[in-house]
Amino acid sequence: QVQLMESGGGSVQAGGSLRLSCAVSTYDFGNYCMAWFRQAPGKEREGVAGVNRLSTFDYAVSVKGRFTISKDNAKKSLYLEMNSLKPEDTAMYYCAARYCMRSEGVTWFEHDYNFWGQGAQVTVSS
């Protein structure tokens, strides 16, 4: 069973930065496509950033240019660097993983992801 554990959430003022980490317990991390999702109170969960096996990245329009997703296969970890944070970025952030083929691209559909972390709260004050 693959387990994901997020860390690094917290509270910050608008314009500030935070870095989220996701540690993944699996022997074949390199065979997974990964993504970050977020869910604000009263809203549906939405995709934020994703990466496939070939390290092709994709971002939601709302975070492009401000957020950077990265992964370290040796450390079996996924990261999300968040800069120029806005109050509307306030949400619970989730790390997600799915076993994928080498040729697959990044997907934003929740149901495509089999494994989820417990979430990390990010709060941005104005």
Side-chain angles (χ1 to χ4, degrees):
Q1 181 72 9
V2 178
Q3 294 185 326
L4 289 73
M5 179 70 71
E6 299 98 336
S7 60
S11 297
V12 66
Q13 289 191 326
S17 299
L18 283 173
R19 187 188 194 219
L20 299 179
S21 299
C22 175
V24 184
S25 64
T26 179
Y27 69 94
D28 58 349
F29 176 79
N31 292 336
Y32 286 81
C33 291
M34 306 290 299
W36 289 99
F37 288 79
R38 68 184 181 186
Q39 187 168 23
K43 294 187 176 181
E44 293 185 354
R45 188 151 56 182
E46 62 175 355
V48 175
V51 57
N52 68 359
R53 287 180 56 175
L54 298 179
S55 294
T56 298
F57 307 108
D58 196 15
Y59 298 90
V61 172
S62 60
V63 306
K64 193 169 291 187
R66 301 188 297 122
F67 289 13
T68 302
I69 188 173
S70 62
K71 65 175 182 173
D72 187 326
N73 287 350
K75 295 183 177 180
K76 300 179 182 180
S77 293
L78 182 73
Y79 306 99
L80 186 68
E81 186 74 34
M82 303 181 291
N83 297 315
S84 302
L85 282 161
K86 305 175 181 180
E88 51 263 44
D89 294 318
T90 295
M92 186 72 78
Y93 283 71
Y94 297 92
C95 173
R98 65 183 182 94
Y99 195 89
C100 64
M101 303 301 291
R102 184 173 173 81
S103 59
E104 291 187 51
V106 179
T107 176
W108 297 121
F109 295 108
E110 283 186 60
H111 62 257
D112 286 342
Y113 289 87
N114 313 94
F115 307 102
W116 294 82
Q118 84 290 349
Q121 179 66 39
V122 171
T123 302
V124 184
S125 58
S126 57

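For clarity, every value in this text was computed on a predicted model and none was experimentally measured.
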> Looking at side-chain heavy atoms only, is the closest gap between Arg98 and Thr107 below 4.5 Å?
Replying inline: yes
Measuring only between side-chain heavy atoms, which start at C-beta, is Met92 closer than 4.5 Å to Val122? no
Which atom pairs, one a donor and one an acceptor, fall under 3.5 Å between side chains of residues 73-80 and the rest of the protein, sequence neighbours left out?
unit_1	atom_1	unit_2	atom_2	d
Lys76	NZ	Thr26	O	2.8
Ser77	OG	Lys75	O	3.0

May I ask you to establish whether Arg45 and Tyr94 are in a cation-pi arrangement, using a distance under 6.0 Å from NZ or CZ to the six-membered ring centre and at most 45° from the ring axis? yes
All heavy atoms of Tyr99 vs all of Asp28, minimum pair found to be CE1-OD2, 3.4 Å
Those residues at least two apart in sequence (or on a different chain) that pass side chain to side chain donor-acceptor pair (under 3.5 Å) with Tyr32 are none
- Query: Can you find a heavy atom in the side chain of Phe115 that is under 4.5 Å from one in the side chain of Gln1?
  - Reply: yes
Heavy-atom side-chain contact between Leu4 and Gln118 under 4.5 Å: no
Hits for ring pair (Phe, Tyr, Trp, His ring centres under 6.0 Å) against Tyr113, two or more places apart or cross-chain, chain-then-number order -> Phe37
What one should report as the nearest heavy-atom pair of Ala91 and Arg38 is CB-CB, 3.9 Å
Hey, does Met5 have a side-chain heavy atom less than 4.5 Å from the side chain of Cys22?
no
> Would you call Arg53 and Glu104 a salt bridge, taking side-chain N to carboxylate O under 4.0 Å as the test?
Replying inline: no
Nearest heavy-atom contact between Asn52 and Thr56 is OD1-N, 2.8 Å
Does the pair Thr90 and Gln121 meet the rule for a side-chain contact (heavy atoms from CB on, under 4.5 Å), with working shown?
CA-CA 8 Å; Thr90 295; Gln121 179 66 39; 4.1 Å; yes
Closest non-hydrogen contact found for Phe57 with Ile69 is CD2-CG2, 3.4 Å
